[in-house]
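Everything on this sheet refers to the single structure shown next.
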Number of protein chains: 2
Amino acid sequence: MTKKRVTLLDVAKHAGVSRATASLIVRGSPNITEKTRQKVLKSMRELGYVYDRVAANMRSQSPSTVGLIITDVANPFFSELLIGVHNALEETGLIEFLGTTFDSDAKQERLISTMLEHRVGGIILCPVSNTSPETIERIKNLDIPIVHAVRELPSIDCDYVGIDYTAGTQLATKHLIQKGHRRISFLGGSSSSSAWKERLEGYSKAFQHTGLEVDESLIVESSVTRQGGIDAVRKVLFQKNPPTATVCFNDLVALGVMQGLRDANLIPGEDMAIVGFDNVHEASLYNPPLTTVSSFARLIGSQAANLLQQRISDQSREQQRIILQPELVVRSST
Amino acid sequence: MTKKRVTLLDVAKHAGVSRATASLIVRGSPNITEKTRQKVLKSMRELGYVYDRVAANMRSQSPSTVGLIITDVANPFFSELLIGVHNALEETGLIEFLGTTFDSDAKQERLISTMLEHRVGGIILCPVSNTSPETIERIKNLDIPIVHAVRELPSIDCDYVGIDYTAGTQLATKHLIQKGHRRISFLGGSSSSSAWKERLEGYSKAFQHTGLEVDESLIVESSVTRQGGIDAVRKVLFQKNPPTATVCFNDLVALGVMQGLRDANLIPGEDMAIVGFDNVHEASLYNPPLTTVSSFARLIGSQAANLLQQRISDQSREQQRIILQPELVVRSST
DNA sequence: CTGAAAGCGCTTACAG
DNA sequence: CTGAAAGCGCTTACAG
């Protein structure tokens, strides 16, 4: 038994103006006398009018929504990114649909479809690590703006915002080497993602620059979760020549590594130095406070939102790649 | 230079059928011969047709979106709830707009407005703790379905899903009393929220049942974050008669409490027993693993989504309140 | 500022 | 199954 929706025409009649005038007012046109404006706004309040952006945008063919597809809401890196996107979008009147893939290609497929059917004006995509060729092909044929964030798909040309992972882990690894460590493991993440490859490259580079050799047995993949960190550290801890330090795929993994060490009665930061990646808000609250590489999640989010808006308003503009430079944040875990 | 959107009429022409037929097919009508169906589906693929749910729902006056308003994405409780909502909605073709209030009434206001203008079919609202009377009045006048979750607004009648907080903290407090504790603090949360009041009631009840008295100086409010926990535990730790155990507003606060203890060179679980609330996925990974009360976040989410759907399809149906019964999960922090 | 018409991409509700 | 018409709530693009 919903009441019938109040339309602009109802408002116009109530205020004694034309529908065209009322339409100009809701869109904030300047060339309407203040007096009529007030009169119409008053009618809107009295009738309880709610502007229908969906109808408006359908007619004007301008989008009112964008899609944001991330891998995991529970990962603080992504919740920060989400906030960055939201804040940047807030002022523009755009609203975002959120989708979470949990790194599943099938889910990513479905989310993209659903969002397209809902007429999003564009999509910010943090692609799953093993995005299938079919999905890539499909994305390519999409005639709607798309911005990639965090991870880049090698075969796709489009706007991208990410950080220089290679520089980041290089920074982290160098820091450990300077502290005197020689056996340094690299824990967590999946080798199929570009984000992993780039990080590993930084790790390797740091070794090369010091003339040291990388020991492959110290490189362990895992899921990008706390549990993944626990699992990964176990695999290196019981080798005959265990590492004295570790670079982690991200802070979440680092947290797991700390846990895994404690489970083995070792003290994180003392028995093994640990560097994370992301500088998650809570990294300073870890025990011990975590040395990590800041990846500016919120900034990535707001930059991606900005790129998307620009792309929406001008499809033909030049492609942009924004690569943020990471910073090492030294705390007591190293 | 976007290509023109392919419409149902384009598809119909291409397949040599009428628009009405094509429309029946996208909506999955059964009384179409398989042969024409295949023919039309083929045309859709060839033309790259994307169904426009926005237009469809506008015409049929049935909603395709719902709003979900939570307090904090970074809180694992809410990210679980979010997943619950998403999963339940996925099958129905509804898609959700996510809004985060950070417990600000102004933000909540703005989010509700934006969602209404985007024609959501309903809203799942986890209201901010100090929701203003104006907002409440406005929500009342809303003629769209709304379901409250997690927190209840006392002056509003509507569908609600939450858990029995009173029973939860009572369980937690009783457990500590049975373990021999007498000085038990209650840390975190804001006394203006119903969720806090109910929890405190459970805490008090447990004392009453054992003939013990509550010491008001052991009840400390804080923000519902890890930092809040650190701050709160400090305030009780340096009293002349500090508590030997604590019930925390939630797991996030409990994590902060552990940290605060360590900062004071105390061992969580040994020098002070700790019970959390929520049974966040990571609670079992805390150090020490956290005794906590399970609040079934994901289930709350899916139940809220179900209630909302039912309410959308039948506005006049009887109001529902679903109160889940919490369970104590004992681990080594107590 | 007004007024009347057309259109965004669909569905509805017919008669055939 | 077809075909033509009307409508969801707006905006567009006029002539006045």
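Chain identifiers are assigned alphabetically (A, B, ...) following the order of the sequence lines, protein sequences preceding nucleic acid strands; residue numbering begins at 1 within each chain. Computation of the quantities below employed the complete heavy-atom set of this structure, encompassing side-chain atoms and omitting hydrogens, waters and symmetry-equivalent molecules.
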| task | I would like to know whether Asp52(B) and Met58(A) meet side-chain contact (heavy atoms from CB on, under 4.5 Å); could you show each step before the answer? | result | CA-CA 10 Å; Asp52(B) 188 334; Met58(A) 170 158 167; 5.5 Å; no
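Evaluation of the side-chain hydrogen bond (donor to acceptor under 3.5 Å, both in side chains) rule for Ser29(B) yields Asn31(B) as partners, not counting sequence neighbours. With sequence neighbours left out, the ring-ring contact (aromatic ring centres under 6.0 Å, His included) criterion links Tyr51(A) to no other residue. For Asn130(B), the side-chain hydrogen bond (donor to acceptor under 3.5 Å, both in side chains) test picks out no residue, with sequence neighbours left out. In terms of the side-chain contact (heavy atoms from CB on, under 4.5 Å) criterion, residue partners of Thr7(B) (sequence neighbours excluded) are, by chain and number, Leu9(B), Asp10(B). With sequence neighbours excluded, the residues satisfying side-chain contact (heavy atoms from CB on, under 4.5 Å) with Thr135(A) are Asp105(A), Gln108(A), Glu109(A), Ile112(A), Thr131(A), Ser132(A), Ile139(A). The side-chain contact (heavy atoms from CB on, under 4.5 Å) test applied to His14(B) returns Ser43(B), Glu46(B), Leu47(B), not counting sequence neighbours.
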| said: Counting Watson-Crick and G-U wobble pairs with both distances under 3.5 Å, what is the dot-bracket string for DNA chain D, 5' to 3', using [ ] for crossing pairs and | for pairs to another strand? | reply: |||.||||||||.|||
Polar atoms only, N or O, under 3.5 Å: list the protein pairs with nucleotides 13-16 of chain C and their distances.
none

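Listed by first and then second residue, the side chain to side chain donor-acceptor pair (under 3.5 Å) pairs involving residues 82-96 of chain B are Arg110(A)-Glu90(B), His86(B)-Glu96(B) (not counting sequence neighbours). Counting only residues at least two apart or on different chains, no salt bridge (Lys or Arg N to Asp or Glu O under 4.0 Å) pair has a member in residues 11-29 of chain B. Residue pairs satisfying the salt bridge (Lys or Arg N to Asp or Glu O under 4.0 Å) criterion with at least one member in residues 54-75 of chain A, sequence neighbours excluded, are absent.
Against DNA chain C, the stretch residues 53-63 of chain A makes heavy-atom approaches under 4.0 Å through Met58(A), Arg59(A), Gln61(A).
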